[in-house]
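I have placed the structure first, in the form of C-alpha coordinates, so that the comments after it can refer back to it.
Heavy atoms only: backbone and side chains are in, while hydrogens, waters and symmetry mates are out. We count ligands from 1, going down the list as the structure has it; atoms in each ligand are counted the same way. Note that the numbering runs from 1 along the sequence shown for the chain.
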Amino acid sequence: MGRGMRKPVVAANWKMNGSLELCEHFVANLVRPDYADVWLFPTALHLGSLAESFRDCDISTGVQNVWCEVEGAFTGEISASMVAALGGQLALVGHSERRASFGDSDAVVARKFKKITEAGLIPVLCVGETLEERESGLAFEAVQRQLNAVEEAWDSPTFSHVSIAYEPVWAIGTGEAATPAIAQEMQTFIRNHVDQNSTGDSEAVRILYGGSVKAAGASELIAQEDIDGFLVGGASLDVKEFNQICEAVKS
Ligand code: PGA
(Lines give C-alpha, C1' and ligand atoms only; values in the text may rest on other atoms or scores of the structure.)
Protein backbone atom coordinates (compact mmCIF):
# COMPACT_ATOMS: atom_id res chain seq x y z
CA MET A 1 0.00 0.00 0.00
CA GLY A 2 2.63 2.54 1.10
CA ARG A 3 2.87 6.27 1.62
CA GLY A 4 0.23 7.30 -0.93
CA MET A 5 -2.69 6.71 1.42
CA ARG A 6 -1.17 8.70 4.29
CA LYS A 7 -1.61 12.47 4.19
CA PRO A 8 1.63 14.14 5.31
CA VAL A 9 1.70 16.04 8.60
CA VAL A 10 3.81 19.01 9.60
CA ALA A 11 3.66 19.67 13.33
CA ALA A 12 5.14 22.54 15.35
CA ASN A 13 6.38 21.91 18.88
CA TRP A 14 6.96 25.37 20.31
CA LYS A 15 8.21 23.95 23.65
CA MET A 16 8.37 26.73 26.30
CA ASN A 17 8.55 29.45 23.66
CA GLY A 18 6.11 31.80 22.01
CA SER A 19 3.80 34.64 22.93
CA LEU A 20 0.43 36.02 21.94
CA GLU A 21 2.30 38.08 19.33
CA LEU A 22 3.77 34.92 17.81
CA CYS A 23 0.30 33.37 17.73
CA GLU A 24 -1.01 36.39 15.83
CA HIS A 25 1.95 36.28 13.48
CA PHE A 26 1.21 32.62 12.70
CA VAL A 27 -2.49 33.30 12.18
CA ALA A 28 -1.59 36.01 9.66
CA ASN A 29 1.21 34.21 7.83
CA LEU A 30 0.86 30.45 8.08
CA VAL A 31 0.17 28.72 4.78
CA ARG A 32 -2.83 26.43 4.87
CA PRO A 33 -1.85 23.56 2.59
CA ASP A 34 -4.56 21.21 1.35
CA TYR A 35 -2.02 18.45 0.68
CA ALA A 36 -0.84 18.19 4.32
CA ASP A 37 -2.19 18.40 7.84
CA VAL A 38 -0.69 21.15 9.98
CA TRP A 39 -0.67 20.68 13.74
CA LEU A 40 0.45 23.35 16.21
CA PHE A 41 1.58 22.61 19.75
CA PRO A 42 2.02 25.96 21.53
CA THR A 43 2.29 26.26 25.31
CA ALA A 44 -0.97 25.44 27.08
CA LEU A 45 -1.31 29.17 27.84
CA HIS A 46 -1.46 29.98 24.14
CA LEU A 47 -3.63 27.06 23.08
CA GLY A 48 -6.97 28.84 23.52
CA SER A 49 -5.95 31.76 21.35
CA LEU A 50 -4.62 29.59 18.51
CA ALA A 51 -7.47 27.07 18.67
CA GLU A 52 -10.00 29.90 18.41
CA SER A 53 -8.19 31.60 15.52
CA PHE A 54 -7.92 28.40 13.51
CA ARG A 55 -11.34 27.05 14.44
CA ASP A 56 -12.81 27.29 10.96
CA CYS A 57 -9.92 25.91 8.99
CA ASP A 58 -7.93 22.72 8.74
CA ILE A 59 -5.12 23.70 11.12
CA SER A 60 -5.32 21.64 14.31
CA THR A 61 -3.94 22.56 17.69
CA GLY A 62 -2.88 20.66 20.77
CA VAL A 63 -0.76 20.63 23.89
CA GLN A 64 2.70 19.33 24.64
CA ASN A 65 1.73 17.54 27.83
CA VAL A 66 -1.18 16.66 30.12
CA TRP A 67 -1.45 15.03 33.51
CA CYS A 68 -2.85 11.51 33.82
CA GLU A 69 -6.04 12.33 35.71
CA VAL A 70 -9.21 14.15 34.67
CA GLU A 71 -9.29 16.63 37.56
CA GLY A 72 -8.35 16.98 41.20
CA ALA A 73 -5.62 18.14 43.55
CA PHE A 74 -2.75 18.26 41.06
CA THR A 75 -1.44 21.79 41.43
CA GLY A 76 -0.06 23.22 38.22
CA GLU A 77 -1.31 20.47 35.93
CA ILE A 78 -3.91 20.35 33.16
CA SER A 79 -6.01 17.47 31.91
CA ALA A 80 -6.75 16.15 28.43
CA SER A 81 -10.46 16.84 28.85
CA MET A 82 -9.69 20.52 29.61
CA VAL A 83 -7.69 20.68 26.39
CA ALA A 84 -10.60 19.21 24.45
CA ALA A 85 -13.01 21.69 26.03
CA LEU A 86 -10.80 24.54 24.84
CA GLY A 87 -10.87 23.32 21.24
CA GLY A 88 -7.57 21.43 21.21
CA GLN A 89 -7.56 18.21 19.17
CA LEU A 90 -4.18 16.68 19.92
CA ALA A 91 -1.62 16.07 22.64
CA LEU A 92 2.03 15.13 22.52
CA VAL A 93 2.94 12.41 24.98
CA GLY A 94 6.30 10.94 25.89
CA HIS A 95 8.47 13.72 24.49
CA SER A 96 12.06 13.00 25.47
CA GLU A 97 12.36 16.33 27.31
CA ARG A 98 9.45 15.23 29.51
CA ARG A 99 10.98 11.80 29.96
CA ALA A 100 14.43 13.18 30.83
CA SER A 101 13.54 16.24 32.93
CA PHE A 102 10.06 15.76 34.37
CA GLY A 103 9.87 12.15 35.45
CA ASP A 104 7.70 10.84 32.62
CA SER A 105 8.57 7.17 32.95
CA ASP A 106 7.22 4.61 30.49
CA ALA A 107 4.44 3.87 33.01
CA VAL A 108 3.47 7.54 33.36
CA VAL A 109 3.52 7.97 29.58
CA ALA A 110 1.16 5.00 29.26
CA ARG A 111 -1.27 6.51 31.80
CA LYS A 112 -1.21 9.89 30.09
CA PHE A 113 -1.70 8.22 26.73
CA LYS A 114 -4.83 6.51 28.01
CA LYS A 115 -6.33 9.73 29.36
CA ILE A 116 -5.60 11.57 26.10
CA THR A 117 -7.41 8.87 24.15
CA GLU A 118 -10.35 8.80 26.56
CA ALA A 119 -10.76 12.57 26.19
CA GLY A 120 -11.14 12.12 22.44
CA LEU A 121 -7.84 13.78 21.56
CA ILE A 122 -5.35 12.33 19.09
CA PRO A 123 -2.20 11.30 20.91
CA VAL A 124 1.14 11.87 19.22
CA LEU A 125 3.36 9.34 20.96
CA CYS A 126 7.01 10.40 20.95
CA VAL A 127 9.64 7.68 21.07
CA GLY A 128 13.36 7.67 20.48
CA GLU A 129 16.66 6.39 21.75
CA THR A 130 19.45 8.29 23.47
CA LEU A 131 22.93 8.57 21.97
CA GLU A 132 24.21 6.07 24.50
CA GLU A 133 21.53 3.57 23.50
CA ARG A 134 22.34 4.00 19.81
CA GLU A 135 26.07 3.70 20.36
CA SER A 136 25.64 0.54 22.35
CA GLY A 137 23.38 -1.05 19.74
CA LEU A 138 20.25 -0.69 21.86
CA ALA A 139 18.30 1.81 19.75
CA PHE A 140 15.65 -0.64 18.53
CA GLU A 141 15.27 -2.16 21.96
CA ALA A 142 14.71 1.29 23.53
CA VAL A 143 12.02 2.25 21.05
CA GLN A 144 10.38 -1.16 21.39
CA ARG A 145 10.29 -0.76 25.18
CA GLN A 146 8.58 2.63 24.83
CA LEU A 147 5.98 1.24 22.44
CA ASN A 148 5.36 -1.85 24.56
CA ALA A 149 4.68 0.23 27.66
CA VAL A 150 1.85 2.04 25.91
CA GLU A 151 0.45 -1.13 24.31
CA GLU A 152 0.32 -2.89 27.66
CA ALA A 153 -1.96 -0.16 29.03
CA TRP A 154 -4.62 -1.16 26.45
CA ASP A 155 -6.85 -4.21 26.52
CA SER A 156 -6.77 -4.39 22.77
CA PRO A 157 -4.09 -2.07 21.43
CA THR A 158 -4.93 -0.21 18.26
CA PHE A 159 -2.89 2.57 16.77
CA SER A 160 -5.37 3.53 14.06
CA HIS A 161 -6.21 6.86 15.70
CA VAL A 162 -2.68 7.57 16.86
CA SER A 163 0.37 9.24 15.40
CA ILE A 164 3.86 8.31 16.43
CA ALA A 165 6.86 10.63 16.31
CA TYR A 166 10.28 9.07 16.09
CA GLU A 167 12.60 11.58 17.73
CA PRO A 168 16.11 10.31 18.39
CA VAL A 169 17.26 12.20 21.48
CA TRP A 170 20.69 12.82 19.93
CA ALA A 171 19.08 14.74 17.06
CA ILE A 172 16.80 17.01 19.11
CA GLY A 173 18.05 20.59 19.26
CA THR A 174 21.53 19.60 18.05
CA GLY A 175 21.28 20.90 14.50
CA GLU A 176 22.11 17.39 13.27
CA ALA A 177 19.03 15.59 12.00
CA ALA A 178 19.14 11.84 11.55
CA THR A 179 20.08 10.81 8.04
CA PRO A 180 17.13 9.77 5.87
CA ALA A 181 18.42 6.18 5.99
CA ILE A 182 18.63 6.06 9.80
CA ALA A 183 15.18 7.63 10.23
CA GLN A 184 13.64 5.35 7.59
CA GLU A 185 15.16 2.25 9.18
CA MET A 186 13.68 3.04 12.59
CA GLN A 187 10.33 4.17 11.21
CA THR A 188 9.95 0.91 9.26
CA PHE A 189 10.77 -0.90 12.48
CA ILE A 190 8.05 1.09 14.28
CA ARG A 191 5.48 0.35 11.56
CA ASN A 192 6.31 -3.36 11.65
CA HIS A 193 6.09 -3.34 15.43
CA VAL A 194 2.66 -1.70 15.33
CA ASP A 195 1.57 -4.20 12.70
CA GLN A 196 2.53 -7.14 14.87
CA ASN A 197 1.38 -5.82 18.23
CA SER A 198 -1.89 -4.05 17.64
CA THR A 199 -5.12 -4.35 15.76
CA GLY A 200 -6.00 -1.93 12.98
CA ASP A 201 -4.15 -1.03 9.84
CA SER A 202 -0.50 -0.16 10.46
CA GLU A 203 -0.32 1.26 6.94
CA ALA A 204 -2.72 3.99 8.04
CA VAL A 205 -0.65 5.09 11.06
CA ARG A 206 1.27 8.27 10.43
CA ILE A 207 4.82 8.15 11.71
CA LEU A 208 6.57 11.52 11.92
CA TYR A 209 10.26 12.21 12.19
CA GLY A 210 11.52 14.84 14.65
CA GLY A 211 14.96 16.14 15.57
CA SER A 212 16.58 19.22 13.99
CA VAL A 213 14.19 19.30 11.02
CA LYS A 214 14.75 22.37 8.87
CA ALA A 215 13.55 23.30 5.40
CA ALA A 216 16.96 22.26 4.06
CA GLY A 217 16.97 18.49 4.14
CA ALA A 218 13.21 18.08 4.59
CA SER A 219 12.65 16.87 1.02
CA GLU A 220 15.20 14.07 1.40
CA LEU A 221 13.58 12.92 4.63
CA ILE A 222 10.00 13.02 3.37
CA ALA A 223 11.01 11.03 0.29
CA GLN A 224 11.43 7.99 2.55
CA GLU A 225 8.59 5.48 2.45
CA ASP A 226 7.88 5.44 6.19
CA ILE A 227 8.40 9.12 7.00
CA ASP A 228 4.93 10.65 6.91
CA GLY A 229 5.77 14.10 8.17
CA PHE A 230 7.68 16.04 10.78
CA LEU A 231 7.56 17.20 14.37
CA VAL A 232 9.52 20.44 14.24
CA GLY A 233 10.92 22.20 17.31
CA GLY A 234 13.29 25.17 16.89
CA ALA A 235 12.53 25.77 13.21
CA SER A 236 8.79 25.91 13.91
CA LEU A 237 9.12 29.27 15.68
CA ASP A 238 9.93 30.94 12.38
CA VAL A 239 6.78 30.95 10.28
CA LYS A 240 8.71 31.43 7.02
CA GLU A 241 10.89 28.41 7.69
CA PHE A 242 7.88 26.42 8.87
CA ASN A 243 5.98 27.29 5.68
CA GLN A 244 8.96 26.06 3.66
CA ILE A 245 8.89 22.77 5.53
CA CYS A 246 5.18 22.50 4.67
CA GLU A 247 6.08 23.15 1.05
CA ALA A 248 8.73 20.40 1.16
CA VAL A 249 6.20 17.67 2.01
CA LYS A 250 4.20 18.36 -1.15
CA SER A 251 4.59 15.31 -3.36
P1 PGA B 1 14.10 20.37 17.28
O2 PGA B 1 13.04 19.73 18.30
O3 PGA B 1 13.43 20.44 15.93
O4 PGA B 1 14.40 21.73 17.85
O5 PGA B 1 15.28 19.47 17.26
C6 PGA B 1 12.17 18.70 17.92
C7 PGA B 1 11.34 18.26 19.11
O8 PGA B 1 11.86 18.22 20.23
O9 PGA B 1 10.15 17.95 18.97
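Residue contact check: Gly211 has heavy atoms under 4.0 Å from atoms 5 (O) of ligand 1. Ligand-side atoms of ligand 1 in range of Leu231: 9 (O), range being under 4.0 angstrom from any heavy atom. For ligand 1, the atoms lying closer than 4.0 Å to a non-hydrogen atom of Glu167 are 6 (C), 7 (C), 8 (O), 9 (O). Atoms of ligand 1 lying under 4.0 Å from at least one heavy atom of Gly234, given by number and element, are 1 (P), 3 (O), 4 (O). In the vicinity of Ser212, heavy-atom distances shorter than 4.0 Å reach the ligand 1 atoms 1 (P), 3 (O), 5 (O).
Which of Glu176, Gln64, His95, Glu97 comes nearest to atom 8 (O) of ligand 1 through a heavy atom is settled by distance: it is His95.
Closest to atom 3 (O) of ligand 1 among all protein heavy atoms lies Gly233 N, 2.8 Å.
Identified under the side chain to side chain donor-acceptor pair (under 3.5 Å) test for residues 204-222, with sequence neighbours left out: Asp37-Arg206.
Checked against a 3.5 angstrom limit, the closest N/O atoms of Lys15 and ligand 1 fall inside it. Taking only nitrogen or oxygen atoms, main chain and side chain alike, Ala235 does not reach within less than 3.5 Å of ligand 1.
Residues Thr43 and His46 have side chains that bring a donor and an acceptor to within less than 3.5 angstrom of each other. With hydrogens and angles left out, the side-chain atoms of His95 and Glu167 include a donor and acceptor closer than 3.5 Å. Ser136 and Glu132 are not linked by any side-chain donor-acceptor pair at a separation below 3.5 angstrom, with hydrogens and angles left out of the test.
Contact annotation: Gly173 has at least one heavy atom less than 4.0 Å from an atom of ligand 1.
Note on ring orientation: taking the six-membered ring where Trp is involved, the planes of Phe41 and Trp39 are perpendicular (angle over 60°, cut-offs 30° and 60°).
Note that CZ of Arg98 is 11.5 Å distant from OG of Ser105, once rounded to the nearest 0.5 Å. Interatomic distance, CG of Leu30 versus NE2 of His25, reported as 10.0 Å (0.5 Å rounding).
Here Trp14 and Phe242 keep their ring centres 6.0 angstrom or further from each other.
When heavy-atom distances to ligand 1 are checked against a 4.0 Å cut-off, Ile172 comes that close through both its backbone and its side chain.
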